[in-house]
Amino acid sequence: MSRASLQTDVANALERNIRLTARVRQLEKRLSEELGMTVWTKSGLDAPADLDQLQRRITELEQQLIDRQKQLEERSEGLTRHAPQTVT
């Protein structure tokens, strides 16, 4: 083995080491993200599966609230009209 051959082998080994280090970092990041998602999901903090359904339910409940407020106003007005008037 010549000196040039050994230097080439060392250079190739260093390049391979750099590539493998980058790959390990990539896999570590991916593993971390997957573990994070698994923990997030199992914790119960995961976002609801159907946000559209929840939004429709919110809209429905808001409309019910508006309807109930109107009914209350109408009843209050009716009571006010039929209540005996007091003279001060």
Side-chain angles (χ1 to χ4, degrees):
M1 293 212 134
S2 69
R3 180 176 174 93
S5 174
L6 289 174
Q7 287 178 333
T8 301
D9 287 346
V10 168
N12 288 338
L14 288 173
E15 284 299 318
R16 185 170 193 270
N17 188 16
I18 291 169
R19 285 192 309 274
L20 290 174
T21 300
R23 179 69 175 146
V24 166
R25 284 191 186 125
Q26 180 185 32
L27 292 173
E28 287 174 337
K29 181 181 179 198
R30 188 170 152 202
L31 176 61
S32 176
E33 290 170 353
E34 288 296 321
L35 288 174
M37 285 304 295
T38 299
V39 169
W40 180 259
T41 301
K42 287 185 178 183
S43 71
L45 298 173
D46 196 22
D50 191 356
L51 294 176
D52 288 336
Q53 180 182 3
L54 289 175
Q55 186 59 47
R56 285 191 300 273
R57 181 68 176 142
I58 289 170
T59 302
E60 176 184 317
L61 291 172
E62 287 173 339
Q63 186 59 50
Q64 286 179 10
L65 178 61
I66 291 168
D67 293 344
R68 298 293 190 272
Q69 287 173 332
K70 285 181 183 177
Q71 289 175 358
L72 182 59
E73 286 175 14
E74 289 170 0
R75 288 181 182 177
S76 293
E77 289 173 4
L79 289 174
T80 303
R81 280 193 305 266
H82 294 90
Q85 300 275 330
T86 57
V87 178
T88 56

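Worth knowing before you read on, the calculation uses all heavy atoms, side chains too, and leaves out hydrogens, waters and symmetry mates. For the single chain, residues carry numbers from 1 onward in sequence order.
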Worksheet item: Quick check: does any side chain N or O of Ser76 sit under 3.5 Å from a backbone N or O of Leu72, one acting as donor and the other as acceptor?
Response: yes

Name each donor-acceptor pair under 3.5 Å that joins a side chain in residues 3-24 to protein atoms two or more places apart or in another chain, with its distance.
from	atom 1	to	atom 2	distance (Å)
Thr8	OG1	Ala4	O	2.9
Asn12	ND2	Thr8	O	3.3
Asn17	OD1	Thr21	OG1	3.4
Thr21	OG1	Asn17	O	2.8
Arg23	NH1	Gln26	OE1	2.7

Worksheet item: Other than Leu35, what residues sit in its cluster of Ile, Leu, Val, Met, Phe, Trp and Tyr side chains whose heavy atoms are under 4.5 Å apart, directly or through others?
Response: Leu31

Practice prompt. Kindly give the cluster partners of Val39, where membership spreads through any ILVMFWY side chain lying under 4.5 Å from a current member.
Written response: none

Worksheet item: Do other residues, nucleotides or ligands put more than 12 heavy atoms under 6.0 Å from Gln64 CD?
Response: yes

Discussion item. Using the side chain to side chain contact (heavy atoms under 4.5 Å, CB included) criterion, which residues pair with Gln55? Sequence neighbours excluded.
Written reply: Ile58, Thr59

Worksheet item: Applying salt bridge (Lys or Arg N to Asp or Glu O under 4.0 Å), which residue pairs with at least one partner in residues 58-76 are found, sequence neighbours left out?
Response: Arg57-Glu60

